[in-house]
Amino acid sequence: MSPPAPSRRRPRVLPRRFYAGGALEVAPQLLNKLLVGEGRAGRIVEVEAYRGSEDPASHAFRGETARNAVMFGAPGHLYVYFTYGMHFCANVVCMPPGVAEAVLIRALAPVEGVDLMRAARPGIARDTNLANGPAKLCQAMGITRAQDGADLVTGSDGLRVMDDGVAPPTVPASSGRVGIRLASEWPWRWWVPGDPNVSKARALGAARGR
DNA sequence: CTTTGGATCGTCT
DNA sequence: GACGATCCAAAGG
């Protein structure tokens, strides 16, 4: 009898074709992948899908502007936006140029460079509070509008998404999307069941999973 | 533990 | 001129 195969292997960059499909397929597949950069790495444990023209909650719903231009570009790039006058949030762009779909990364489990994440978020006591929210993880990873458009496949801007062999959950937990008014009931939020780094959503309707 | 309000400014109407 | 794909501290149970 040999022991069970280890779930981790040397991390590999996800290929461009990983992002070729729609946000609804890519989002749950991104769970347990690694966001790597700036000497830091975090495992993606919570995501949300946004679909441009068919989704009234999407930044791309009303067409292309200077802010959301990256969403209309090639897949595998990072769309970073500024909101609430002080926060950044990061999305992975899906689908071919001209079709604006993206996956918002909502939470990371810190994996590497925790000291750097702490330095970027002074005053945070517990590791599970370093990146358990879309703006928190940008702060922890050092992501700002300077990384808008970063290519996550070539890593030319210092950021990559990698696969270390940990599979996505067979049955991810899901619920409606957080913090939006229109179409908030659409079940396009997914997370790794039971992970302590998943964000604490404010008042949210019945969630499935855990 | 939960609830509430303030911070702060780019973006689009 | 209004409103966020949010976070945090403070106050109450």
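The basis for the numbers below is simple: all heavy atoms, side chains too, and nothing from hydrogens, waters or symmetry mates. Each chain gets a letter, A, B and so on, in the order its sequence line appears, and its residues count up from 1.
- Here A/Arg177 does not reach the OP1 or OP2 of C/dT6: none of its side-chain N or O atoms lies under 4.0 Å away.
- By the 30° and 60° cut-offs, the orientation of the rings of A/Tyr84 relative to A/His87 is perpendicular.
- Between A/Leu24 and A/Trp190 there is a side-chain heavy-atom pair separated by less than 4.5 Å.
- Nucleotides of DNA chain C nearest to A/Lys136 and A/His59 differ in position, and the one nearer the 5' end is that of A/His59.
- Residue A/Tyr84 contributes atom OH, which lies 16 Å from atom P of B/dT11 at whole-angstrom precision.
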Derivation and outcome, side-chain hydrogen bond (donor to acceptor under 3.5 Å, both in side chains), residues A/Arg189 and A/Ser175: CA-CA 5 Å; A/Arg189 173 187 180 226; A/Ser175 78; 3.1 Å; yes

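- Nucleotide C/dA5 forms a pair with no other nucleotide shown, judged by Watson-Crick or G-U wobble geometry with both contacts under 3.5 Å.
- With rounding to whole Å, A/Phe61 atom CZ is found 15 Å from B/dC12 atom P.
- Taking atom CZ on A/Arg67 and atom C1' on C/dA5, their separation rounds to 9 Å, with Å as the unit.
- Of all heavy-atom pairs between A/Ala23 and A/Tyr50, the closest is CB-O, 3.8 Å.
- In terms of polar N and O atoms assigned as donor or acceptor, the side chain of A/Tyr81 comes within less than 3.5 Å of the base of C/dA5 in a complementary pairing.
- Taking the side chain of A/Phe82 as heavy atoms from C-beta on, and the options C/dT6, B/dC9, C/dC7, the nearest nucleotide is B/dC9.
- Atom NZ of A/Lys200 and atom P of B/dC1 are 9 Å apart (whole Å).
- Residue contacts for A/Ala57: at a heavy-atom cut-off of 4.0 Å it reaches a base atom on one of the strands shown.
- The side chain of A/Arg121 places no N or O atom within less than 4.0 Å of a non-bridging phosphate oxygen (OP1 or OP2) of C/dC7.
- Rounded to whole angstrom, the span from the CE atom of A/Met86 across to the C1' atom of B/dA7 amounts to 4 Å.
- Atoms CG (A/Asn129) and C1' (C/dA9) sit 13 Å apart, rounded to a whole Å.
- Ring geometry for A/His59 versus A/Tyr79: interplanar angle over 60°, hence perpendicular rather than tilted (30 to 60°).
- Of the candidates C/dA5, B/dT13, B/dT11, the closest approach to any side-chain atom of A/Arg62 belongs to B/dT13.
- Taking atom NE2 of residue A/His87 and atom C1' of nucleotide C/dG4, one finds them 11 Å apart after rounding to whole Å.
- Neither OP1 nor OP2 of C/dT6 sits under 4.0 Å from any side-chain N or O of A/Thr83.
- The CG atom of A/Asn132 sits 8 Å away from the P atom of C/dC7 (whole-angstrom rounding).
- The partner of B/dT8, taking Watson-Crick or G-U wobble pairs whose two distances both stay under 3.5 Å, does not exist in any strand shown.
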